[in-house]
Amino acid sequence: MSPSSAGRAAEPILRIEGLTKRFGGLTAVDRVTLAFAPRRLHAIIGPNGAGKTTLFNLISGFLPSDEGRVFFAGQEISRLRPHRISRLGISRTLQVKSVFQQLTVSENLWITAQAKRGVMNPFRSTSSYRDTCEKVERVLEQLELTRLADRQAGTLSYGDVALLEIGMAIAADPRLLLLDEPICGMSPAETERTVVKIRELAQTIDIVIIEHDMEVVFEIADDITVMAQGAILASGSPKEIAANEEVREAYLGRPEDEDYTEEPARA
Amino acid sequence: MIARTTIERGLLWGTGAFLLSVPWLIPALADRFWVNVIAEILIWSLFASSVNLLFGYVGLLSFGQALFFGFGMYGVAIGVEKLGLGFWPALGLGVAAPVAMAFVAGVFAVRLTWHYFAIITVVFSLIFYFLALTMKPLTGGDDGISFTLPSTFRFGASEWGFAQEAFQYLFILFTVAACLYAMRRLLGSPLGKAFMAIRDNDVRASLIGLNVYWLRLIAFVIAGFLAGLSGALFAFFGRYASATYMFYHVSGEAVVWTIVGGAGTLLGPLVGTSLFIVIREVVSTHWQHHSLIVGAVAILIVIYAPRGVVGLWRDLLDRWSAPKS
Ligand SMILES: Nc1ncnc2c1ncn2[C@@H]1O[C@H](COP(=O)(O)OP(=O)(O)OP(=O)(O)O)[C@@H](O)[C@H]1O
Ligand SMILES: [Mg+2]
């Protein structure tokens, strides 16, 4: 388990040990132990209320955990505040999309890209930060948001806000990207485009994605973790998960749950 | 069609030219007491700008800015009267005292947001209001402290100071203009964008790596500086300091001026302050219940122009100059 120098290449980008979070009597995350290997696209699935978003909240320091530890690239981050964790290189999107409403799309990206590099200068104009501005241009192009660069974020369509969320997450140059239902609310065309983008991003950034759309999950994920009632039900390759009896019983094989009718177990 | 920015630039130059010529234009055209009214408008709009920086750009509604205004006034008055300081050291004290106070108050206040923040700012200003009332030997209590004006510049035999009306006016104008210019630079800087990000979404701001607490504290101290400087100017302008200016009633007026003029716009506070002080000066000579008109105007604008007079103006111009499709 200890990160020996020989095993450094294979050292998990994110390692979670016995992580637990209770809300009153409800155990939202229940002794979760996980390791995400680098250079793979991980998906977390599970029914509503399984604790997926809460797990992200614990990793990103957004909520304090009751028990357990989190290591990012070997460094313990369990007790750090959100902005410290984000500066170490973990970016996330929120399930409830939230951007800076009154700033323009490019200002949203600019402040996200600059946040880690220092924002204390009160006199220098933002347009004179060449590196950051170039980064913004690149992200705008990458996500095909250039045409919306000067629009106030509060006036965007839901799908475009979701894209901007992803853009902000990558503008920070993260090493690990946590995406919480990134395509939720997108049209089929937008979904298709976004899935392609996420795949491209996964070439260079480690990604963990929470997603309900099984078609998408089984299309893009290298590894899948299934959560139910706060605990981990199963973890493995898409093939293994699709074949797992327990998972099919508890989750995939419930045709009355319309969210999951496109279950791949049938395919 | 002329773009909004072109019209606004023209208007800005026009206003600037007018303000510069006030000491000569007004006595030639109208009652010269208007020179001092305009000087007062400038001082109060600087004060309102401190509310605007916090509320319009960082999302913190402070009802306690009068505390720093009062510290600015007392810094100057105590400096001149009790410590025998000259103009510049007294001005320095009138700025340093509120900035230090803003840092101390801010350490506690910016932990909170929304009504909790508003309440703690009121509490702070009330504490010091009553302290100032009771510490009579230092503050003069109810009566305040009057002082004799020191001169600002002295070259050989010639002296320049607030005793000369034109000098006083221009000194105030340049100070306020310099602060607004600095604020404009600030708003286009990384720090300004970080402030606005926090205003729009503080949760998200901390997720992208901004230290929200620290940034709010910086904003609070800068706002304390603006409020304190306006208080220091007002002390020199009135040649006295008094605890009554630390009452939260004074803070509340600045909030109203800012919101009516347009919070989150650089010149909103100037517009709002001008509107209300002009109404006050014109109406109060004829009718003692002028505050009724002030209240009615405030309510109408808040209902029909939630982004204030400046916001309304921009919407109208944008609609008017938008390409018809
Ligand atoms: N801040 C909170 N306070 C109290 N209970 C919470 C809080 N956040 C989440 N919960 C509860 O914890 C459980 C897990 O919620 P969570 O949002 O993590 O589920 P999820 O797997 O993301 O579900 P979904 O697929 O609907 O997004 C739910 O029962 C939820 O009501
Ligand atoms: Mg969720």
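Just so it is clear, the structure is predicted and the values come from calculations on it, not from any experiment. Letters A, B, ... are given to chains in the order of the sequence lines, protein chains preceding strands, and every chain is numbered from 1. Side chains included, hydrogens not; waters and symmetry mates left out as well; all remaining heavy atoms used.
With rounding to the nearest 0.5 Å, the separation of CG in A/Leu103 from CZ in B/Arg199 is 6.0 Å. The structure places CG of B/Leu186 at 10.0 Å from CG of A/Asn121, a figure rounded to the nearest 0.5 Å.
Per-residue heavy-atom pair counts under 4.5 Å with chain B were compared for A/Thr112, A/Thr132, A/Ile85, and the maximum is reached by A/Thr112. Looking only at heavy-atom pairs under 4.5 Å with chain A, the residue among B/Ile198, B/Leu187, B/Leu215, B/Asn201 that has the most is B/Asn201. Interface summary for chain B: among A/Gln114, A/Arg81, A/Gln101, A/Arg124, the most heavy-atom pairs under 4.5 angstrom belong to A/Arg124.
For the pair B/Leu207/A/Arg92, a side-chain contact is recorded, criterion being any heavy-atom separation below 4.5 Å from C-beta on. Contact annotation: the side chain of A/Asn108 never approaches that of B/Asp200 to less than 4.5 Å [non-hydrogen atoms, C-beta and beyond]. In this structure, A/Gln102 and B/Met196 have side chains that are not in contact, with every pair of non-hydrogen atoms separated by 4.5 Å or more. Using a 4.5 Å heavy-atom threshold, the side chains of A/Lys116 and B/Ile208 count as separate.
Considering A/Ser86, A/Pro82, A/Ser60 in turn, A/Pro82 is the only one that fulfils the side chain to side chain contact (heavy atoms under 4.5 Å, CB included) rule with B/Ser206.
For B/Phe108, the CZ atom is loosely surrounded, since the number of other residues' heavy atoms within 6.0 Å does not exceed 12. Atom CZ of A/Arg117 has more than 12 neighbouring heavy atoms from other residues, nucleotides or ligands inside a 6.0 Å radius. Other residues, nucleotides and ligands contribute over 12 non-hydrogen atoms within 6.0 Å of the CZ atom of A/Arg151. Heavy-atom contacts from other residues, nucleotides or ligands closer than 6.0 Å to CZ of B/Arg184 number 12 or fewer.
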Original post:
So B/Asn211 and A/Arg84, side chain to side chain contact (heavy atoms under 4.5 Å, CB included) or not? Walk me through it.
Top reply: CA-CA 8 Å; B/Asn211 187 337; A/Arg84 304 267 309 128; over 6 Å; no

Original post:
Can you list the steps and then say if A/His83 with B/Val212 is a side chain to side chain contact (heavy atoms under 4.5 Å, CB included)?
Top reply: CA-CA 9 Å; A/His83 72 266; B/Val212 173; over 6 Å; no

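B/Arg185 and A/Phe123 make their closest contact through NH2-O, 3.0 Å (heavy atoms, listed as atom of the first residue, atom of the second, distance). A pairwise comparison of heavy atoms in A/Ala115 and B/Leu210 identifies CB-CD2, 3.8 Å as the closest pair.
B/Arg204 places no side-chain N or O within 3.5 Å of a backbone atom of A/Val99 that could act as its donor or acceptor partner.
For A/Ser91, no part lies near chain B; criterion is any non-hydrogen pair under 4.5 Å.
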